[in-house]
Structures are given as C-alpha cells and as structure tokens.
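Heads up, the thing below is written out as structure tokens.
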Amino acid sequence: MRAIIFDLDGVLVSTDHFHDDAWRALARRLKISFDETACRRLRGVSQMAALELVLEQSPRRYTAAEKEALAAEKNTAYRAHIAGMTPADVADSTRTTLRSLKRRGLLLAVGSSSKNARFILEQTALTSYFDAIVDGNEITRSKPDPEVFLKAAAKLDVSPAEALVVEDAAAGIRAARSGGFQSAALGPDAAEEGLASHQIQNLADLLALV
Ligand code: BG6
Ligand code: MG
C-alpha cells in the first residue's frame, strides 16, 4: 500500500448534518417530503445528482435553469454553515492519524464529490496534510463512478491497486471497488452492502491496516 485516498464529508469532518439542514430547508419550501432515508441516499453523491434525488419526490418537473437556481439556493445555505467551521471541528485523533500515516511514508489524498471540499479543508486547516486533492469541480461523474478516486491516484502517480480508499458512504465503497481500489468502510452505511475490503470504527484503525 503506497497511498490512502480519503473521502471528506463523514470521514475527515462531519458536515453531513449541514447538508441535511440545507436540503431539508429547500424541500420544505418546495413542499417535498424529505426524511432520514432521503438524507442517507444523498451521501457521497454530487450536488446536482443529490438535487435530482430530492426532486424525485415532487410531482412537478423543473427546467435545467430552475434546477441550477435550486442547487445554488441549497449551496448558499450549506456554505453559511461551513463558513463557521474551524480547526476545532476536526478530531484530535484525526490529525494524529494523518500525521502517523505520513510518517510511515504513505501518500495522502482527498477524493470528494463536494464542490466545497477545498473551502472545508481550508476552514479546518487540513489542506497541508494532503499530497493531492480532487473535488467535485474536477469530475464529471459522481460516486459510485470511480472517476474521483482514479483522478486522485493519477495525481499521486500510484495505481488503484496501490491505494486504499476510506469511505463512509455506500456509493463511495462501490466507486472504490469498481475502480480497482481496496477500501475501508467507516461506520455502518459504508459497510452495509458488504463490498468493502475492510471495516473500521474510527480513523485510527487505519494504522493497523497499512
Ligand atoms: C459529498 C456529500 O461529500 O458531497 C454529499 O457526502 C454531497 O452529501 C456531495 O451531496 C456534494 O457536495 P457539495 O458541497 O458539492 O454540495
Ligand atoms: Mg462521505
């Protein structure tokens, strides 16, 4: 193993509740039902793909321009939440683990579907830990497509077989698998389909895997 590619939301930071709040507010305004199951389906998928999943519950059809405006509305609400993030929003054990992995000579990358990934990494002072970052602005296909992880591996100059993907979402584990990566499922959602190479309970468990 030469490299580790981390998902961001739900793995390095906890921003999912901010996504949920922002989508819930939009769904409420549009009078669309939106519950916990709906929240979980949006994990790991891109902003526009997530919007399509939210709008599935609506009898109304939206034009491409309307969808752009709805995605922007959600993103504004989401960014208002993440603008308040600070380095204190990253667990000490996360920083310690990243440092230990680097000391062992592993290359580290972020592979996130989020267009806001770089903003979150800056807010939380995580950027400097990573040798490569691929975010939602650099991909055309959302997880479960492996594009984001393949691009991260290419930036690190390693093959998929030499990299471990760490994910909290089922879509991310599927993406890792179809790209030829080993994967570590963090938490129950990622482990649910039984497709991950490893299951971990917290990031420090990675130290025993690599
Ligand atoms: C992923 C989240 O990291 O990013 C998804 O798990 C989210 O829930 C996706 O839809 C896109 O994020 P953004 O910041 O581009 O809206
Ligand atoms: Mg995630």
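Both backbone and side-chain heavy atoms feed into the values below; hydrogens, waters and symmetry mates do not. It should be emphasised that the depicted structure is a prediction, and the values quoted were computed from it without experimental measurement. Residue numbers run from 1 in the order of the sequence given.
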pair [X]-[Y]: side-chain heavy atoms closer than 4.5 Å:
X    : Y    : result
L101 : I4   : yes
P160 : L150 : yes
S100 : L207 : yes
L42  : D20  : no
D168 : D16  : yes
E73  : R29  : yes
L164 : L206 : yes
L51  : K67  : yes

State yes or no: do [X] and [Y] share one hydrophobic cluster built from I, L, V, M, F, W and Y residues joined by side-chain heavy-atom distances below 4.5 Å, directly or via other members?
X    : Y    : answer
M48  : V134 : no
F119 : V90  : yes
L195 : V45  : no
V165 : I200 : no
L53  : F18  : no

Can you classify the ring geometry of F181 versus F149 as parallel (below 30°), tilted (30 to 60°) or perpendicular (above 60°)?
perpendicular
In terms of ring plane angle, is the pair F6 and F130 parallel, tilted or perpendicular, where the classes change at 30° and 60°?
perpendicular
Going by an N to O cut-off under 4.0 Å, is there a salt bridge joining D92 and R95?
no
Quick test of your reading of the model: are R41 and E36 salt-bridged, counting only N-O distances below 4.0 Å?
no
Quick check for you: to the nearest 0.5 Å, what is the distance between [X] atom [atom1] and [Y] atom [atom2]?
X    : Y    : atom1 : atom2 : answer
L156 : K151 : CG    : NZ    : 14.0 Å
D21  : K74  : CG    : NZ    : 10.5 Å
D7   : S114 : CG    : OG    : 9.5 Å
L121 : S112 : CG    : OG    : 8.0 Å
Q47  : N75  : CD    : CG    : 4.5 Å
L107 : M1   : CG    : CE    : 12.5 Å

Taking all heavy atoms of [X] and all of [Y], pick out the closest pair and write down the distance.
X    : Y    : result
V158 : A163 : CG2-CB, 4.3 Å
A170 : D189 : CB-O, 3.8 Å
V110 : I5   : C-CG2, 4.3 Å
D89  : G84  : OD2-O, 4.2 Å
Y78  : A22  : N-CB, 3.9 Å
A176 : S183 : CB-CB, 3.9 Å

Is there a donor-acceptor pair under 3.5 Å between the side chain of [X] and the backbone N or O of [Y]?
X    : Y    : value
D145 : R141 : no
T76  : A72  : yes
K155 : I133 : yes
E138 : D135 : yes
S142 : S46  : yes
R28  : W23  : no

Positive for salt bridge (Lys or Arg N to Asp or Glu O under 4.0 Å) with E167, one of R177, R43, K143, R174
K143
Option from R79, H19, Q123 for which side chain to side chain donor-acceptor pair (under 3.5 Å) with N116 holds:
R79
Given D157, L108, L106, the one that forms side chain to side chain contact (heavy atoms under 4.5 Å, CB included) with D131
L108
Member of T124, I120, D9 meeting the side chain to side chain contact (heavy atoms under 4.5 Å, CB included) criterion with I82:
I120
Test R99 against Y129 for side chain to side chain contact (heavy atoms under 4.5 Å, CB included), laying out the working first.
CA-CA 8 Å; R99 263 188 234 115; Y129 289 90; 3.3 Å; yes
Side chain to side chain contact (heavy atoms under 4.5 Å, CB included) between L12 and L203, intermediate numbers included
CA-CA 8 Å; L12 298 171; L203 278 195; 3.9 Å; yes
Chi angles and distances behind the side chain to side chain contact (heavy atoms under 4.5 Å, CB included) call for L126, V13:
CA-CA 10 Å; L126 279 175; V13 292; 4.1 Å; yes
Run the side-chain hydrogen bond (donor to acceptor under 3.5 Å, both in side chains) check on T140 and E147 step by step: do they pass?
CA-CA 8 Å; T140 54; E147 183 182 13; 3.2 Å; yes
If you apply the rule side chain to side chain contact (heavy atoms under 4.5 Å, CB included), what do you find for H17 with H81, and how did you get there?
CA-CA 10 Å; H17 56 296; H81 284 306; over 6 Å; no
